[in-house]
Amino acid sequence: MRRILVVGDDPHICLAIRAWLKRYGFRVSIADGGVNGLAALDNAAFGGCRTVETKRSASGGPHVARSRR
């Protein structure tokens with residue numbers, strides 16, 4: 001089973017995405033925002049990371065993507 005990290009600032013959307021991904025066999029973790037997302041990536045191995053932004057911030061999705069290239 002592949003692990004995926006969903007990073008987002010809206011818990012309702014993240015929970016909906018987690019439910020959808022679990023139906024397709026993913027083991028899903030959720031991180032609240034970019035800073036927590038980067039910490040989660042540092043502490044565990046994931047097969048992928050998806051960011052979900054409803055509010056733009058300096059530590060949001062683009063920041064996470066740049067930090068992990």
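Starting from 1, each residue takes its place in the sequence as its number.
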For [X], side chain to side chain contact (heavy atoms under 4.5 Å, CB included) partners two or more places apart:
| X | value |
| --- | --- |
| R2 | F26 |
| A44 | R3, F46 |
| N36 | A31, D32 |

Practice problem: Locate the shortest heavy-atom distance separating C14 from V7; write the atom from each residue and the value. | Solution: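 C14 and V7 have their closest heavy atoms at SG-C, 4.5 Å.
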Quiz item: Just how far is it from atom CD1 of I13 to atom CD1 of I30, taken to the nearest 0.5 Å?
Solution: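 Nearest 0.5 Å value for the CD1-CD1 distance: 11.5 Å.
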Exercise. Supply the atom-to-atom distance I4 CD1 to S29 OG, rounded to the nearest 0.5 angstrom.
Key: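 Going from CD1 on I4 over to OG on S29, the span is 10.0 Å.
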